[in-house]
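Side-chain atoms are counted along with the backbone in the values below, which use heavy atoms only and exclude waters and symmetry mates. Everything quoted here is computed from the prediction, not taken from an experiment.
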Amino acid sequence: MGGSGRRRSGASGTGQGGAGRSGGGRGRGGQGGAGRPADGRRGRAAGRGSAGARAAGGTRLTRRGRIVVWGAGVSALVLLGVGGVGAWIYEDLNNNITSADVDGKLGGDRPENLSPGSKNILVVGSDSREGANAKYGKDLTTMQSDTLMVLHVPANRKWATVVSFPRDSWVRIPACAKGDGSTSDPHHFKINEAFALGGSTGEVASAAACTIKTVEANTGLRIDHFMSVDFQGFKGMVDSLGGIEVCPKQAIHDEKAKLDLDAGCQTVAGEKALGYVRARYGVGDGSDIGRIGRQQEFMDALAKKAKSKLTSPNALYGFLQSATKSLTTDPDLAGIQPLYGLANELKGVPSDRLAFLTVPNYPREADVPTDKANVVWQYPQATDLFTSLARDKEVSKAQLTARTKNPVYASAVRVQVLNATGVRGRAAAVAEKLRAAGFSVVGTGNAPRTSATTTVSYPTGQERQAAVLAGWLPKAGSAQDASAQAGCVTLVVGQDLKDDVLK
């Protein structure tokens with residue numbers, strides 16, 4: 001994310017490259033609490049957009065509206081363009097947007113940009129758990145992430161994909177600077193822990209940096225920009241519009257989300273609206289996957305209601321104030337004009353080429369019976385999805401659904417581990433990590449010769465199992481070998497396999 005400092009005029013579009021540069025300028029109090037002390041505000045520009053989806057009472061909002069609303073600043077810009085909001089409030093709204101520098105926090109071990117001209121934008125729904133947010137997290141003192149997704153905008157701007165990451169995804173968390181001078185050790189945990197680790201001192205930049213590092217390490221996608229949308233700002237957006245109508249088919253009673261809601265259509269605002277998008281355990285199957293679907297539906301309704309308020313200056317201004325105050329981005333996106341540029345790019349994407357996907361996954365309990373709380377990503381399908389986006393190749397929801405039928409669990413893969421590093425005990429160490437992930441290790445030993453690279457080989461009939469194992473390992477391919485041991489997959493550990501071996 002190129003550029004630095006507080007830019008007060010004219011740079012258009014969005015940068016391509018790192019993830020956030022210096023975000024100088026002045027800080028902001030009152031919105032987001034401790035999440036803002038080291039960050040700044042900047043950027044102004046102007047622009048006018050098109051009406052997009054119809055107002056309430058018209059047809060259903062297109063899927064494009066979901067992206068626009070989840071990126072609260074982008075939503076504000078579309079509304080600015082449609083409503084022709086005057087310059088007299090432009091400066092005020094522009095200065096609400098906070099920038100956070102992450103470039104110096106990401107290190108040099110990052111994925112290569114395989115598709116110049118494309119953009120990967122990380123969107124985080126954040127919650128500091130301080131002030132008005134404190135009631136939503138017992139004994140939680142750090143910043144939290146409730147929603148995590150990546151928006152991929154291709155180089156040709158003819159399609160777009162949003163990939164949602166279940167927050168219970170069990171993934172590798174790389175070493176992260178915690179903001180207090182200490183660094184966490186690499187380990188496996190829920191993906192949303194990354195935001196809390198980096199944000200342990202309340203600094204958005206560190207929270208975003210750890211999340212970016214985690215997403216990059218587990219997907220191979222290079223993140224170019226990020227947006228963080230605060231819970232309380234979301235609530236303000238809903239309240240400014242007079243609430244949003246929801247129609248739950250069953251009553252919802254979720255103590256953790258502080259929500260008691262009767263079945264049937266009703267208007268929710270304030271804490272109830274916030275509780276509705278956070279609710280999980282008191283509705284449906286209690287999964288994070290179900291919550292993702294409800295959040296998308298709510299965002300549809302929110303954007304539709306916002307469009308209907310374009311003729312109400314007070315409601316529109318309140319909505320834009322909350323939207324922009326809730327938003328922290330990397331410096332290249334921290335302004336009205338770059339956000340408007342992003343919205344303008346998205347508005348040209350046909351609705352049938354805008355895909356909303358969830359990372360293929362299954363309950364971790366299938367591999368580790370004692371873990372009933374988390375999910376693991378389904379391989380090789382998750383790897384295939386990320387590789388396609390990294391290479392700027394479109395993946396539709398129908399294609400992904402077809403590919404993810406009948407998953408092969410890690411627990412169904414029998415593995416022989418051979419050491420080709422020349423380092424004593426390496427096969428045993430890797431085998432231990434594979435067992436912890438649920439794989440069935442049938443034996444260990446030494447390869448006949450050393451090898452710089454890690455390989456996966458398999459006999460006839462073990463193609464799918466080999467693809468699963470290769471998907472768990474960074475940069476490891478698989479190949480059929482007529483001499484491979486029957487009934488299992490052979491992993492030859494090369495010198496390139498790092499200690500934190502599994503994704």
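- Ring geometry for Phe439 against Trp472 counts as perpendicular: the plane angle is over 60°, on a 0 to 90° scale with 30° as the lower cut.
- Using a 4.5 Å heavy-atom cutoff, the side chains of Leu148 and Val215 are in contact.
- The main-chain N or O of Phe226 is found under 3.5 Å from a side-chain atom of Asp330 such that the two form a donor-acceptor pair.
- Asp384 is linked by a side-chain hydrogen bond (donor to acceptor under 3.5 Å, both in side chains) to nothing, counting only residues two or more places apart in sequence or in another chain.
- Remark: the backbone N or O of Val359 is paired with a side-chain donor or acceptor of Asn361 at under 3.5 angstrom.
- The shortest heavy-atom contact between Val349 and Arg157 is CG2-O, 3.8 Å.
- Remark: the backbone N or O of Ala366 is paired with a side-chain donor or acceptor of Ser411 at under 3.5 angstrom.
- Remark: the Asp496 side chain and the Thr454 side chain contain an N/O donor-acceptor pair separated by less than 3.5 Å.
- Side-chain atoms of Arg110 come within 3.5 Å of backbone N or O of Ile223 as a donor-acceptor pair.
- Side chain to side chain, Ser126 and Ser228 meet the donor-acceptor criterion of an N or O pair below 3.5 Å.
- Gln381 places no side-chain N or O within donor-acceptor distance of the main-chain N or O of Thr404, the cut-off being under 3.5 Å.
- Separating the NZ atom in Lys105 from the CD1 atom in Ile212 is a distance of 11.5 Å, to the nearest 0.5 Å.
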Kindly determine whether Asp367 and Tyr362 satisfy side-chain contact (heavy atoms from CB on, under 4.5 Å), including the steps that lead there. CA-CA 10 Å; Asp367 295 332; Tyr362 60 85; 2.6 Å; yes
